Amino acid sequence: MELARPEFVPDSSLSRTEMEALQTDIADAGVFTDDLGSTFGQPPVVAGVDQAFDGEQATSAVVVMQGTEVIERTHATEPTEIPYIPGLLSFREGGAILAAFERVEQKPDVVLVDGSGRIHFREAGLATHIGVTLDVPTVGVAKNLLCGQPRESLSEPLPAGERVPIEADEDVTAPDGTVIGYAVQTRQYDSGSRHINPLYVSPGHRVSAETAADVVARHATEYKLPEPTRLADAYADELTS
DNA sequence: GCGACAG
DNA sequence: ATCTTGTCGC
């Protein structure tokens with residue numbers, strides 16, 4: 001795949017202020033409504049991307065699927081220049097991800113990115129950064145909530161299939177109350193003391209919050225994580241061990 | 001100063 | 001993310 005917006009490639013040498021300014025531009029370029037293109041296959045081509053680290057090296061693994069079939073697997077390793085800073089994750093992991101996608105032949109209909117998309121202080125999380133830079137539809141899939149406010153309390157376990165809107169609050173640039181994503185319960189235990197936490201799904205680029213949640217729910221039937229994400233996670237771990 | 005915060 | 005064995009409950 002090719003870079004659509006080279007000016008948005010994450011540069012870890014920027015100052016924190018410059019990084020935040022770039023995110024503001026990225027959010028402006030981001031599309032949080034459905035624009036998945038007319039090439040949506042039968043079934044759609046869905047890619048998952050995830051990273052694993054070893055010391056100063058970040059390995060990004062991409063798994064491309066169509067239905068239940070893996071049609072491509074690629075990876076790239078890049079040095080990590082900066083530590084993890086909440087809100088600036090893309091400047092730590094984005095380089096490795098873009099390097100991996102440079103080697104991807106099959107253009108996916110949608111990419112599932114580990115982390116937040118619009119659920120971000122400046123509405124420019126990792127999924128949005130990658131989506132806008134490559135101009136590919138992306139969805140953010142996070143295991144924890146970075147910011148925003150669940151419309152309903154999530155202290156009680158949600159049944160599988162349920163979803164709760166995540167709304168913008170004062171910590172997010174979007175107008176208060178804007179639905180910036182969903183807590184999506186893909187799996188749940190039938191009963192007992194233990195329970196499964198939901199995933200926090202948000203639009204990255206060219207996808208609405210509703211469609212983002214739909215895509216994740218549709219691909220996460222056997223396990224909590226959607227299959228492309230799960231396989232990319234395992235592949236990244238395998239490459240680092 | 002305190003709190004809060006994806007991976 | 002990563003360091004790490006067993007263990008409890010589906």
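Chain identifiers are assigned alphabetically (A, B, ...) following the order of the sequence lines, protein sequences preceding nucleic acid strands; residue numbering begins at 1 within each chain. Note that this is a predicted model, so its numbers are computed, not measured.
- For DNA chain C, the span of nucleotides reached by chain A at under 4.0 Å from its heavy atoms goes, 5' to 3', from dA1(C) to dC10(C).
- Ile97(A) and Val132(A) fall into different hydrophobic clusters, defined by Ile, Leu, Val, Met, Phe, Trp and Tyr side-chain heavy atoms under 4.5 Å apart, directly or through other members.
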| task | Determine, step by step, whether His205(A) and Phe32(A) satisfy the ring-ring contact (aromatic ring centres under 6.0 Å, His included) criterion, reporting the C-alpha distance in whole Å, the side-chain angles of both residues, the deciding distance to 0.1 Å, and the verdict. | result | CA-CA 6 Å; His205(A) 183 49; Phe32(A) 303 130; 8.0 Å; no
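- Note on Leu88(A): a base of the nucleic acid sits closer than 4.0 angstrom, heavy atoms only.
- Residue contacts shown for Tyr200(A) are absent, as no nucleic acid heavy atom lies under 4.0 Å away.
- Using a 4.5 Å heavy-atom threshold, the side chains of Val172(A) and His120(A) count as separate.
- Backbone-only contact: Ala52(A) has heavy atoms under 4.0 Å from sugar-phosphate atoms and none from a base.
- By the 6.0 Å and 45° rule, Arg187(A) does not stack over the aromatic ring of Tyr223(A).
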| task | Return one dot-bracket line describing DNA chain B 5' to 3' (Watson-Crick or G-U wobble pairs, both distances under 3.5 Å; ( ) same strand, [ ] crossing, | another strand, . none). | result | .......
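- Using a 4.5 Å cut-off between side-chain heavy atoms of Ile, Leu, Val, Met, Phe, Trp and Tyr, with links allowed through other members, Leu22(A) and Leu146(A) fall into different hydrophobic clusters.
- At the heavy-atom level, Ile119(A) lies nowhere under 4.0 Å from the strands shown.
- Residue Asp237(A) is the one, among Arg194(A) and Asp237(A), whose nearest nucleotide of DNA chain C lies closer to the 5' end (criterion: closest heavy atom).
- With 3.5 Å as the limit, one finds no donor-acceptor pair spanning the side chains of Thr17(A) and Ser15(A).
- Under the 3.5 Å distance criterion, with hydrogens and angles disregarded, no donor-acceptor pair is assigned to the side chains of Glu162(A) and Gln185(A).
- Residue Asp114(A) is the one, among Asp114(A) and Tyr189(A), whose nearest nucleotide of DNA chain C lies closer to the 5' end (criterion: closest heavy atom).
- At a threshold of 4.5 Å between side-chain heavy atoms, the hydrophobic network of Ile, Leu, Val, Met, Phe, Trp and Tyr places Ile26(A) and Val31(A) in two separate groups.
- We find that Asp214(A) and Arg163(A) are joined by a salt bridge, their nearest charged nitrogen and carboxylate oxygen being less than 4.0 Å apart.
- The six-membered or imidazole ring of Tyr235(A) lies near that of His75(A), with a centre-to-centre distance under 6.0 Å.
- Base engagement by Tyr84(A) is indicated by at least one non-hydrogen atom pair under 4.0 Å involving a base atom.
- A salt bridge does not link Lys143(A) with Asp114(A): every distance from a Lys NZ or Arg NE/NH1/NH2 to an Asp or Glu carboxylate oxygen is 4.0 Å or more.
- Between chain A and DNA chain B, the heavy-atom contact criterion of under 4.0 Å yields a 5' to 3' nucleotide range of dC5(B) to dG7(B).
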